[in-house]
Amino acid sequence: MSQLPFLSVSGLTCERDERILFESLDFTLSVGEILQVSGPNGAGKTTLMRVIAGLSLDFRGQINWCNQPVEDDRPGFQSSLLYMGHQPGVKSTMTPEENLQWAMGLHRSLTREEIWGALEKVKLRGYEDVPCYQLSAGQNRRVALARLFLAKQKLWILDEPFTAIDKLGVAELEQTLVDHASSGGLVMMTTHHEMNVDYSGFRQLVLGEKQ
Amino acid sequence: MKWTFFHRMSSPKWFYDFSGKCLPWVGVLALGCIATGLTWGLLFTPPDYLQGNSYRIIFLHVPSASLAMTVYVGLAITAGIGYIWKIKLADMAVSCLAPIGASFCALALITGSIWGKPTWGTWWVWDARLTSMLILLFLYLGLVALREAFDSKETASRACAILAMVGLVNIPIIKFSVDWWNTLHQGATIKMTERPSMALEMLVPLLVSIAGFYLFCLFVFLLRLRAEIISREQRTSWVRSLLGAKS
Amino acid sequence: MSVSQGVMVVLRRDLHLAFRNRGDLINPLIFFMLVATLFPLGVGPDPDTLLVMGGGVIWVSALLANLLAMDSLFRSDFEDGSLEQLMLGPQPLWMIAMAKVISHWLVTGLPLTLLSPVLAIMFGLPVTALPAIVATLLLGTPLLSLIGAIGAGLTVGLRKGGILLSLLTLPLYIPVLIIGTGGIDAAVSEMVWSGHLMWQGVLLVLGVTFAPLAISASLRVSISG
């Protein structure tokens, strides 16, 4: 496919228990862009992320990946998707290395050096074989974030990735997102944190303004 | 082929209006049929030559048992429709049907048990039919419990739809295996006396009674479904105007 | 990355996790023995009674032990967010579900089956019936895992899933129980029991065909809710 991948959403309406969270939402996300979804608590940010990732079924409207409805080719869409939700998805009885091994193992097989390199980048080198229940909340989040360095997926959907991360870590993470976007990736994220990035592809989508 | 009728019917508002018009008729017909069937059956048919008067419970038992099974099949089909075509109304119908079916199933079991005492001399035998009915009751209760367990009604309906479809696939298997189990352990049970065929004077009131029960079931179903529609659609404008007009 | 490789990753991971929490591995087996022990204590140790009951007791205990382990099949993955990751992998969800069911069977159904001859001897069942016991459990327990996983998928999002899970699942287990015990009874009374085995095979094929779809549908509902 010569066409660059992009995500387009049209007429997205989401109701939860008879309450309309957002209505007729239209936006596109192209290569090189970082989209920050913001809005007050309860505006439906997480729901929007889950709807687009394909976890939530309560929605009407159309989500297209490369001009093709996502429900037509879910495995294809999911193989280019990296999603990180509120829960980091880190198994507490396994070590960081094992966690990464299986989490990315669904997408491709990894060498030990790659994993160690990713752990190095999130400052967890030396903790490879410590079970995750001995790590702090922030360190657990970092284990999950190490996936970003191993991912070959184009589209990143990150829900509150900065939770429990220290200041320095946040700055590095912002840089990682910019690097990914500028090398042909797409990022969609939520955060309450003020994004401190100077990047031309950075955009914001504010939910819950109409009320 | 256009599915306009299908779609129109699946709109909660249309259905609410339409069922409002039908409801009194269904209710009156149900009352008429049940009253006729039961008075005829209980007072005016001759006693059975084998069972005497105790057989008269069939005018309650047979309609309940038949409904218990029909409602499950209806429920599972509705669930399938709702699940595949994502029709809200079908989801709501599933939630309404489960308690109704459970009630009829319980009624069938209780009347069966009362019938069993004079006929077999015991309240309960592990007869194939009774056992299958008991399992059906458990399937119903599982559905009701699952529906109650979820906070979100929409998730509850979807979960119930899946369970109902799984149940529908399983029912023939359960039925077959219970029958087979029963023949295997024949010595332990008392064989039901098989009547060759029912006399016409008993059959006609029975059929009237069955029709009455089906109509009554439809009546209760419509009542519940209407209540469910109002409760789920309370934020929509048509329900607001409806409620506003009344208060 | 092929699909089967992804399935193998999930299977290996689940087995790995099971062996890391050894308690979870052994507890269902202890439970299996314990439940079976309660029956002679409840009805008396008369060998004739035990002989009649034996097959049924083994099956009921296996069924309960299987159910006990079922609640945790998706729960810990659901709570720490791993289930979302599994669902969003490039593999179809039913394959992931299948991998999880296989791993569940490998750590509960299979050990139960291997342990069943011990119980059979304790209940005084004839040695000639042992192959029937092992064979019916070998074919029956995967089906229990498959059916149970549907219920586990439906109840995983609920805070108190455990008792509801048994309520939903036990009625669906009945055919497996009937055919399994029927096979053992036939073997005990020295009749042909291959027919029962074939029926179990039929049910297993049906289960393998339909259950993964139902499991993945139920997981989608639970995750979405």
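Proteins come first, then strands; the chains are lettered A, B, ... in the order of their sequence lines, and each starts at number 1. Because the structure is predicted, anything quoted here is derived from the model rather than measured. Heavy atoms only: backbone and side chains are in, while hydrogens, waters and symmetry mates are out.
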Whether [X] side chain and [Y] backbone form a donor-acceptor pair below 3.5 Å:
X: A/R50; Y: C/I223; result: yes
X: C/E84; Y: A/G89; result: no
X: C/Q85; Y: A/M84; result: no

From [X] atom [atom1] to [Y] atom [atom2], the distance as rounded to the nearest 0.5 Å:
X: A/H107; Y: C/Q91; atom1: NE2; atom2: CD; result: 7.5 Å
X: A/W102; Y: C/D14; atom1: CH2; atom2: CG; result: 9.0 Å
X: C/E79; Y: A/S92; atom1: CD; atom2: OG; result: 10.5 Å
X: A/Q78; Y: C/M87; atom1: CD; atom2: CE; result: 7.5 Å

For [X], does the [atom1] atom sit with more than 12 other heavy atoms under 6.0 Å from it, leaving out its own atoms?
X: A/F149; atom1: CZ; value: yes
X: C/R12; atom1: CZ; value: no
X: C/I163; atom1: CD1; value: no
X: A/Y127; atom1: OH; value: no

I need the residue from A/M94, A/K91, A/R74, A/Q87 with the largest number of non-hydrogen atom pairs under 4.5 Å to chain C.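 Of the options given, most contacts go to A/K91.
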Could you tell me which of A/L81, A/V90, A/N140, A/T93 has the largest number of non-hydrogen atom pairs under 4.5 Å with chain C?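 Between A/L81, A/V90, A/N140, A/T93, the count favours A/T93.
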Which atoms of C/R220 approach chain A - backbone, side chain, both or neither, heavy atom under 4.5 Å: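 Its backbone and side chain both get close to chain A.
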Checking C/N21 against chain A: side chain, backbone, both or neither under 4.5 Å from a heavy atom?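 Contact with chain A involves the side chain of C/N21 alone.
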Could you pull out the closest heavy-atom pair between A/P75 and C/P90, with the gap in Å?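 Taking every non-hydrogen atom into account, CB-O, 3.4 Å.
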Shorter than 4.5 Å, heavy atoms on both sides: which option in C/L83, C/L86, C/L93 has the most such pairs with chain A?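 The candidate making the most pairs under 4.5 Å is C/L86.
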Within-4.5 Å side-chain heavy-atom neighbours: C/D80 and A/P88: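 No. Closest side-chain heavy atoms not under 4.5 Å.
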Heavy-atom distances under 4.5 Å only: say whether A/A53 touches chain C with side chain, backbone, both or neither.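 The answer is both parts of A/A53.
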Where does A/E98 contact chain C at under 4.5 Å (heavy atoms): side chain, backbone, both or neither?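 Interface part for A/E98: side chain.
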